[in-house]
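Read the structure below first, then the notes.
The first residue of the sequence shown is numbered 1, and numbering continues consecutively from there.
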Amino acid sequence: VFKIEKFNNNEITETKIDTINVEQIIDLNFYRKNFFKPYFFPNEFMNPKYKNEVVVKWNNEKAEKDFKQNWTYTFTFDENSRIVKYEFSGCFVCSQLPYETLIEYDKNNRPIELINSLKNFKHLELSENYPKHNFPNTIFKIEYNHNNEVIALNYYESNTLIEKIKLLK
């Protein structure tokens with residue numbers, strides 16, 4: 001059982017209770033599949049093969065490396081082999097703009113914040129609340145229980161809370 005609250009000017013404008021049969025761990029993929037939030041994040045958050053590296057992968061390695069018909073995913077890894085920045089080059093054919101997702105982790109190496117930015121906003125001045133990021137488009141703050149399940153997902157546009165999804169069980 002999930003409680004979904006929508007906000008406008010920091011006031012709840014709508015509350016909905018939703019029951020979803022769960023036969024899997026409640027992780028970010030579960031939220032993406034059932035609530036379509038967050039949408040942009042890597043398939044994995046850690047890869048022990050990489051430390052302090054930037055890895056670029058083409059969507060179709062066999063196709064021509066041409067941004068009109070193919071695109072790239074770029075992964076920036078920190079010293080703990082965690083992806084701290086995930087970028088999508090954009091897709092001319094599918095009309096999808098380039099974006100990046102910055103990922104912050106807790107002491108247990110769980111992602112606790114995803115900050116999605118359209119890459120074409122890099123030229124704008126930064127908010128004093130987000131000096132280390134590009135102009136933020138969407139922000140997801142994630143909470144976990146002791147079983148490492150995602151129990152709450154808070155969705156922001158810039159600094160404004162838009163929606164809270166909370167597992168009630």
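Between Phe88 and Asn116 the shortest side-chain heavy-atom distance does not fall below 4.5 Å. Counting heavy atoms from C-beta outward, Pro38 and Leu28 have side chains that approach closer than 4.5 Å. With a 4.5 Å cut-off on side-chain heavy atoms, Leu153 and Phe140 count as touching. Inter-residue side-chain proximity for Tyr39 and Arg32 is flagged as met; some heavy-atom pair is nearer than 4.5 Å. Residues Glu113 and Leu102 form no side-chain contact, since every pair of their non-hydrogen atoms from C-beta on lies 4.5 Å or further apart. At least one side-chain heavy atom of Phe77 sits under 4.5 Å from a side-chain heavy atom of Val55. When side chains are defined from C-beta on, Ile83 does not count as touching Asn47, because their heavy atoms never get closer than 4.5 Å.
Minimum heavy-atom separation, Pro98 to Ser89: CB-O, 3.3 Å. What you find for Ala152 and Tyr31 is that their closest heavy atoms are N-OH, 4.0 Å. What you find for Phe40 and Thr101 is that their closest heavy atoms are O-OG1, 3.3 Å. Taking each heavy atom of Asn52 and Glu79 in turn, the nearest pair found is OD1-N, 3.0 Å. Nearest heavy atoms, Ser81 versus Pro48: OG-CA, 3.7 Å. Closest of all the heavy-atom pairs between Phe41 and Tyr86 is C-CE2, 3.6 Å.
In this structure, NZ in Lys57 is found 6.0 Å from CZ in Phe75, a value given to the nearest 0.5 Å. Interatomic distance, Asn159 CG to Ile139 CD1, rounded to the nearest 0.5 Å: 5.5 Å. Atom OH in Tyr156 sits 12.0 Å away from atom CD in Glu163 (nearest 0.5 Å). Taking NZ from Lys141 and CG from Leu114, the interatomic distance works out to 12.0 Å, rounded to the nearest 0.5 Å. For the atom pair Ile142 CD1 and Ile165 CD1, the distance stands at 11.5 Å (nearest 0.5 Å). Interatomic distance, Glu149 CD to Ile26 CD1, rounded to the nearest 0.5 Å: 4.5 Å.
Note: the hydrophobic cluster containing Met46 does not contain Ile103 (ILVMFWY, side chain heavy atoms under 4.5 Å, direct or indirect links). Linking ILVMFWY side-chain heavy atoms closer than 4.5 Å, directly or via other members, places Ile25 and Phe45 in two distinct hydrophobic clusters. Cluster membership check: Phe35 does not share its hydrophobic cluster with Val1, using side-chain heavy-atom separations under 4.5 Å among Ile, Leu, Val, Met, Phe, Trp and Tyr. Tyr73 is not connected to Val54 by any chain of hydrophobic side-chain contacts under 4.5 Å among Ile, Leu, Val, Met, Phe, Trp and Tyr, and they are in different clusters.
With hydrogens and angles ignored, the 3.5 Å screen pairs no side-chain donor or acceptor of Asn108 with any backbone N or O of Arg110. Proximity of a side-chain donor or acceptor of Asn145 to a complementary backbone N or O of Asn147 within less than 3.5 Å is detected.
With a 6.0 Å cutoff to the six-membered ring centre and a 45° limit on the axis angle, Lys164 does not count as a cation-pi contact of Tyr155.
Applying the 6.0 Å contact sphere to NZ of Lys166 captures no more than 12 heavy atoms from other residues, nucleotides or ligands.
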Distance-only check: which donor-acceptor pairs under 3.5 Å involve side-chain atoms of residues 2-17, not counting sequence neighbours?
{"residue": "Lys3", "atom": "NZ", "partner": "Glu5", "partner atom": "OE2", "Å": "3.4"}
{"residue": "Thr13", "atom": "OG1", "partner": "Lys6", "partner atom": "O", "Å": "3.2"}

query = Could you walk me through whether Asn154 and Leu161 pass the side-chain contact (heavy atoms from CB on, under 4.5 Å) check?
reply = CA-CA 7 Å; Asn154 298 325; Leu161 180 61; 4.2 Å; yes
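Applying the side chain to side chain donor-acceptor pair (under 3.5 Å) rule to Lys33 yields no partners; only residues at least two apart in sequence or on another chain are considered.
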